[in-house]
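What follows is a set of notes on a single structure, which appears directly below.
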Amino acid sequence: MATNLLGPIRLTAALLPHLQKQSSAAIINVSSGLAFVPLVFTPTYCATKAAIHSYSQSLRYQLKSSPVEVIELAPPYVQTHLMDGADDPRAMPLKEFIEEVMEIFKTQPTPAEILVERVKQLRNAEREGRYDGAFAGLNGGMAVRFEQ
């Protein structure tokens, strides 16, 4: 909670007066695809990422008339040491994730959300009427991994 939620909120509050004095500035908050379809084995993590998504939306609206852009980066499952995913072939290779994110920044300098293709299945599940299937698929697939 302190790292994923309170840290970004407190850091933003501390820096916001300075950022608002700039001709242009950006705040980038990192949520997760799990903010939209949670993994049952990490409920607190998923809840903090959902809270960061909500916070980012509200902050973006509050700052819409200011020079400060609010951008949300929502990664998918990426090959990192978080949850021992570094060697998991189901996870997106870190290099590919970084390259796709940087390409989005190059073509859209200040989008509201940075969504690589792999995360869109989670981000859009509710909107597309696929939430129950996405939830079952995500949690059924990961259950095998955690029960070993």
Side-chain angles (χ1 to χ4, degrees), residues 1-16 19 24-64 66 68-148:
M1 293 294 254
T3 300
N4 288 342
L5 182 57
L6 296 177
I9 291 171
R10 290 176 177 158
L11 183 61
T12 298
L15 295 177
L16 197 52
L19 294 174
S24 67
I27 295 167
I28 302 176
N29 289 321
V30 180
S31 66
S32 169
L34 298 177
F36 309 102
V37 179
L39 183 62
V40 299
F41 298 100
T42 58
T44 304
Y45 175 84
C46 297
T48 63
K49 294 305 185 175
I52 283 295
H53 168 69
S54 178
Y55 173 71
S56 297
Q57 287 185 311
S58 297
L59 188 62
R60 185 178 305 118
Y61 186 84
Q62 289 174 1
L63 298 173
K64 68 181 178 181
S66 82
V68 183
E69 298 282 338
V70 178
I71 301 168
E72 177 183 356
L73 172 61
Y77 181 33
V78 177
Q79 288 179 343
T80 67
H81 292 288
L82 184 64
M83 294 182 10
D84 296 324
D87 298 318
D88 191 337
R90 295 173 297 179
M92 183 176 192
L94 181 59
K95 184 176 189 273
E96 287 179 28
F97 172 71
I98 293 169
E99 288 171 355
E100 194 170 341
V101 166
M102 297 313 293
E103 185 62 29
I104 293 168
F105 271 123
K106 189 187 306 180
T107 59
Q108 307 169 49
T110 55
E113 295 179 338
I114 303 274
L115 304 169
V116 298
E117 287 302 315
R118 279 205 188 182
V119 81
K120 289 180 181 177
Q121 65 180 335
L122 297 177
R123 173 65 178 99
N124 300 328
E126 176 95 25
R127 178 182 328 157
E128 296 171 356
R130 300 180 294 97
Y131 181 84
D132 290 341
F135 183 85
L138 173 68
N139 287 290
M142 292 302 277
V144 171
R145 184 154 192 248
F146 284 100
E147 292 171 354
Q148 294 175 347

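All residue numbers refer to positions in the sequence shown, counting from 1.
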Are [X] and [Y] close enough that some pair of their side-chain heavy atoms sits under 4.5 Å apart?
X	Y	answer
Glu100	Met92	yes
Thr12	Val70	no
Leu34	Tyr77	no

Atom [atom1] in [X], atom [atom2] in [Y]: separation rounded to 0.5 Å?
X	Y	atom1	atom2	value
Ile71	Ile27	CD1	CD1	9.5 Å
Phe97	Glu117	CZ	CD	13.0 Å
Leu6	Leu11	CG	CG	12.0 Å
Leu59	Tyr61	CG	OH	13.5 Å

State which residues pass side-chain hydrogen bond (donor to acceptor under 3.5 Å, both in side chains) with [X]; sequence neighbours excluded, sorted by chain then number.
X	value
Glu126	none
Asn124	Arg127
Glu99	Lys95
Arg10	none

Mind listing the side-chain donor-acceptor pairs of residues 43-53 below 3.5 Å, one per line with the distance, residues two or more places apart or on another chain?
| residue | atom | partner | partner atom | Å |
| --- | --- | --- | --- | --- |
| Thr48 | OG1 | Asn4 | ND2 | 3.4 |
| Thr48 | OG1 | Tyr45 | O | 2.7 |
| Lys49 | NZ | Val30 | O | 3.0 |
| His53 | ND1 | Glu72 | OE1 | 2.7 |
| His53 | ND1 | Glu72 | OE2 | 3.1 |
| His53 | NE2 | Gln57 | OE1 | 3.4 |

Looking only at non-hydrogen atoms, find the nearest pair between [X] and [Y] and report the distance.
X	Y	value
Val116	Pro76	CG2-CD, 3.6 Å
Tyr131	Phe36	CE1-O, 3.3 Å
Asn139	Phe41	O-CE1, 4.3 Å
Pro93	Gln79	CA-OE1, 3.4 Å
Pro75	Ser31	CD-O, 3.4 Å

Short question: side chain of Asn29, backbone of Ser56 - any donor-acceptor pair under 3.5 Å?
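Looks like no, no N/O pair under 3.5 Å.
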Answer yes or no: is there a donor N or O on one side and an acceptor on the other, between the side chain of Arg130 and the main chain of Gln121, under 3.5 Å?
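Judged by distance alone, yes, a pair lies under 3.5 Å.
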Going by atom type alone, with no hydrogens or angles, which donor-acceptor pairs under 3.5 Å involve a side-chain atom of residues 104-114 and a protein atom two or more places apart or on another chain?
| residue | atom | partner | partner atom | Å |
| --- | --- | --- | --- | --- |
| Thr107 | OG1 | Glu103 | O | 3.1 |
| Thr107 | OG1 | Ile104 | O | 3.3 |
| Glu113 | OE1 | Arg123 | NE | 3.2 |
| Glu113 | OE2 | Arg123 | NE | 3.2 |
| Glu113 | OE2 | Arg123 | NH2 | 3.0 |

